[in-house]
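The structure displayed is predicted, hence computed values, not measured ones. One-based numbering, in listed order, for ligands and for the atoms of each.
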Amino acid sequence: MSIKQRLEKILEGLPAGVKLVAVSKFHPAESIAEAYAAGQRIFGESRPQEMAAKQAILPADIEWSMIGHLQTNKVKLIAPFVSLIASVDSDRLIAEIEKQAARYQRTIDILLEVHVAQEQSKSGWSYDELQHYLASGALQQMEHVRVRGVMTIATNTDDEAVVRGDFQRIRDIFEELKPQFGEEFDTLSIGMSDDYPIALEYGSTMVRIGTAIFGAREY
Ligand SMILES: *Cc1c(COP(=O)(O)O)cnc(C)c1O
């Protein structure tokens with residue numbers, strides 16, 4: 001199947017209103033251009049240099065989503081154009097995004113990445129750390145950062161019950177945090193190539209799909 005055909009197949013299965021982030025990390029700009037020609041506009045990348053290099057040569061109306069761990073000293077590479085930083089996992093990172101967004105007179109949308117998976121290795125705030133940060137009031141100082149919701153990566157396992165447990169947990173956290181934010185807190189980003197049909201059952205509003213669109217990545 002071509003990228004276009006795979007994209008169309010996935011889009012058919014998404015309920016109205018669910019956004020598709022086509023995860024193009026490690027794939028060449030030509031593959032993105034192919035998906036773009038098929039109508040896709042939101043692309044996800046995990047490395048800031050790679051995103052910036054692709055952004056420079058691809059159409060300006062692409063919405064770039066940062067989905068990988070972001071070091072504070074790399075925020076400046078993507079701050080001029082990034083649409084969404086979906087992997088925000090520390091107070092220092094938010095402060096830097098605020099600083100860079102202000103510098104470019106922009107507002108940058110972010111998702112709070114929360115760690116709910118069973119693996120230690122997964123990034124993201126623990127629930128307790130996040131609560132602590134939110135209670136600190138630091139977020140209220142950020143005038144150029146708009147918190148749109150939460151994101152997580154479920155446990156990488158064949159045990160569907162574990163994956164469902166992770167999705168239920170992040171869904172609960174999403175619902176719990178919602179009242180603290182405004183209308184704009186509308187994004188629950190869960191679901192990747194292997195687990196997005198399950199994520200949809202738990203109310204995902206934004207799936208992040210790479211392999212099922214572009215094929216296997218070559219590292
Ligand atoms: C790579 C990545 C994806 C896409 O994974 P696939 O299994 O290729 O669909 C989604 N979300 C994050 C955070 C990723 O790093």
Side-chain angles (χ1 to χ4, degrees), residues 1-14 18-29 31-32 34-35 38 40-51 54 62-71 74-75 78 82-90 93 97 109-125 130 148-160 162-163 166-167 169-171 173-174 187-200 202-219:
M1 267 198 282
S2 66
I3 287 174
K4 181 171 190 273
Q5 287 167 323
R6 291 190 209 158
L7 202 49
E8 282 167 357
K9 198 165 146 253
I10 290 165
L11 287 170
E12 270 169 31
L14 296 184
V18 174
K19 287 188 180 172
L20 171 63
V21 178
V23 177
S24 47
K25 64 188 186 194
F26 294 92
H27 291 285
S31 298
I32 300 177
E34 214 176 311
Q40 179 65 24
R41 291 295 178 271
I42 310 174
F43 292 90
E45 290 283 336
S46 60
R47 299 181 301 178
Q49 286 98 332
E50 183 178 344
M51 179 188 276
K54 288 171 171 172
I62 287 178
E63 296 174 37
W64 295 97
S65 252
M66 174 51 59
I67 58 165
H69 177 71
L70 182 58
Q71 288 173 276
K74 301 284 168 58
V75 175
I78 59 171
V82 72
S83 288
L84 175 74
I85 302 178
S87 45
V88 175
D89 58 0
S90 77
L93 182 56
I97 295 168
D109 283 354
I110 69 167
L111 299 179
L112 303 169
E113 182 176 358
V114 189
H115 177 110
V116 298
Q118 305 290 325
E119 297 117 306
Q120 283 302 318
S121 59
K122 292 267 150 75
S123 50
W125 259 298
L130 179 59
R148 298 298 306 269
V150 295
M151 180 277 237
T152 205
I153 304 173
T155 309
N156 183 11
T157 173
D158 292 333
D159 188 344
E160 195 181 304
V162 173
V163 173
D166 290 348
F167 287 155
R169 178 82 184 115
I170 192 71
R171 165 73 187 259
I173 293 170
F174 175 61
T187 305
L188 174 59
S189 180
I190 48 174
M192 310 182 7
S193 292
D194 288 338
D195 59 16
Y196 78 89
I198 304 173
L200 293 172
Y202 291 83
S204 176
T205 69
M206 177 184 279
V207 293
R208 310 176 308 267
I209 301 179
T211 311
I213 298 170
F214 297 109
R217 288 179 282 275
E218 281 178 36
Y219 296 106

Asks: Got a donor-acceptor contact below 3.5 angstrom from the S189 side chain to the M206 backbone?
Replies: yes

Asks: Strictly distance-based, threshold 3.5 Å: is any side-chain N or O of S83 a donor or acceptor partner for the main-chain N or O of E63?
Replies: no

Asks: Identify whether NZ of Lys or CZ of Arg in R47 sits under 6.0 Å from the centre of the six-membered ring of F26 and within 45° of that ring's axis.
Replies: yes

Asks: Do I209 and M192 come within less than 4.5 Å of each other through their side chains, counting heavy atoms only?
Replies: no

Asks: Show me a pair-per-line table, with atom names and distances to 0.1 Å, of protein N or O atoms that are under 3.5 Å from an N or O of ligand 1.
Replies:
residue  : atom   : partner : partner atom : Å
ligand 1 : 8 (O)  : T211    : N            : 2.8
ligand 1 : 8 (O)  : T211    : OG1          : 2.5
ligand 1 : 8 (O)  : R217    : NH1          : 2.7
ligand 1 : 8 (O)  : R217    : NH2          : 3.2
ligand 1 : 9 (O)  : S193    : N            : 3.0
ligand 1 : 9 (O)  : S193    : OG           : 2.5
ligand 1 : 9 (O)  : G210    : N            : 2.9
ligand 1 : 11 (N) : R208    : NE           : 2.8
ligand 1 : 15 (O) : K25     : NZ           : 2.7

Asks: State plainly whether the residues K54 and E45 are in salt-bridge range, i.e. N to O under 4.0 Å.
Replies: yes

Asks: Please check this pair: side chain of T155 against backbone of Q118, looking for a donor-acceptor N/O pair closer than 3.5 Å.
Replies: yes

